[in-house]
Amino acid sequence: MKKDFAERVWDVVAQIPVGRVTTYGRIARHLGLGRSARMVGYALHAVAASDDPMAVPCHRVVNRTGALTGALHFPTPTAMEERLLSEGVTFLDDGRVDLDRHLWEPDTAEDE
DNA sequence: TGTATGACCAGTC
DNA sequence: CGACTGGCCATAC
């Protein structure tokens with residue numbers, strides 16, 4: 001186990017407040033990964049395969065369009081939106097997360 | 001050891 | 001304004 005970029009991703013994702021979501025790109029850029037947002041999603045996938053899949057609220061991480069891309073990788077395809085709804089997150093008519101209301105940025109939105 | 005792919009994003013044609 | 005290609009870095013075979 002290397003635990004490098006993945007841990008940083010988990011750390012940031014773990015900082016996402018309840019009822020709020022962020023995008024892979026935001027996390028990637030915040031970590032200095034730049035455009036390697038793919039690694040962010042890959043890191044989350046690594047968490048799912050890790051010993052503590054629940055260690056990171058991966059359900060609070062969506063893509064740039066707010067689509068639950070990772071939902072397909074969840075134990076159940078509906079687990080992701082179910083959890084978000086349970087946290088008070090609203091969805092658009094397209095089935096995407098309302099980023100305009102719940103978009104959270106790493107460290108840049110600490111004061112809300 | 002090398003090639004291929006991936007829970008993506010942004011710029012360019 | 002719409003669609004495509006490139007890039008990025010790590011994991012898997």
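Each chain gets a letter, A, B and so on, in the order the sequences are listed, and its residues count up from 1. Source: prediction; values computed, not measured.
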- Message: Please determine whether a side-chain nitrogen of the Lys or Arg among A:Glu87 and A:Arg20 lies less than 4.0 Å from a carboxylate oxygen of the Asp or Glu.
- Response: no
- Round to the nearest Å and state the distance from A:Met39 atom CE to B:dA7 atom P. 10 Å
- Message: Given C:dT11, C:dC8, B:dG6, identify the nucleotide with an atom nearest to the side chain of A:Phe5.
- Response: C:dT11
- Task: List the steps, then state whether side-chain contact (heavy atoms from CB on, under 4.5 Å) holds for A:Leu31 with A:Val9.
- Result: CA-CA 8 Å; A:Leu31 294 178; A:Val9 175; 3.6 Å; yes
- Message: Rounding to an integer number of angstrom, what distance separates B:dT5 and C:dT5 when you compare their P atoms?
- Response: 15 Å
- Query: Rounded to whole angstroms, how far apart are CH2 on A:Trp10 and P on C:dA10?
  - Reply: 15 Å
- Rounded to whole angstrom units, what separation is found between the CD1 atom of A:Ile27 and the P atom of B:dA7? 16 Å
- Find the distance A:His30:NE2 to C:dC8:P and express it as a whole number of Å. 21 Å
- Message: Please report the distance, rounded to the nearest Å, between CG in A:Leu31 and P in C:dC9.
- Response: 13 Å
- Query: Are the side chains of A:Ser36 and A:Phe5 in touch, meaning some heavy atoms are under 4.5 Å apart?
  - Reply: no
- Looking at the side chain of A:Arg38, which of B:dC8, B:dA7, C:dC9 is the nearest nucleotide? B:dC8
- Query: Taking the side chain of A:Tyr42 as its heavy atoms from C-beta onward, which of B:dA7, C:dC9, C:dA12 lies nearest to it?
  - Reply: C:dA12
- Query: Just wondering, do A:Val21 and A:Trp104 contact through their side chains at under 4.5 Å, heavy atoms?
  - Reply: no
- Mind checking whether A:Arg64 and A:Tyr24 have side chains closer than 4.5 Å, heavy atoms only? no
Pick out the pairs of N or O atoms, protein on one side and nucleotides 9-13 of chain B on the other, that lie under 3.5 Å.
residue : atom : partner : partner atom : Å
B:dC9   : OP1  : A:Arg64 : N            : 2.4
B:dC9   : OP2  : A:Arg64 : N            : 3.2

- Message: Measure NE2/A:His73 against C1'/B:dC8 and give the value in whole Å, please.
- Response: 12 Å
- How far, in whole Å, is C:dG6 from B:dA4 if one measures between their P atoms? 15 Å
- Message: Just verifying a value: how many Å separate A:Thr90 OG1 and A:Leu99 CG, rounded to the nearest 0.5 Å?
- Response: 9.5 Å
- Do you see a donor-acceptor pair shorter than 3.5 Å between the side chains of A:His59 and A:Glu82? no
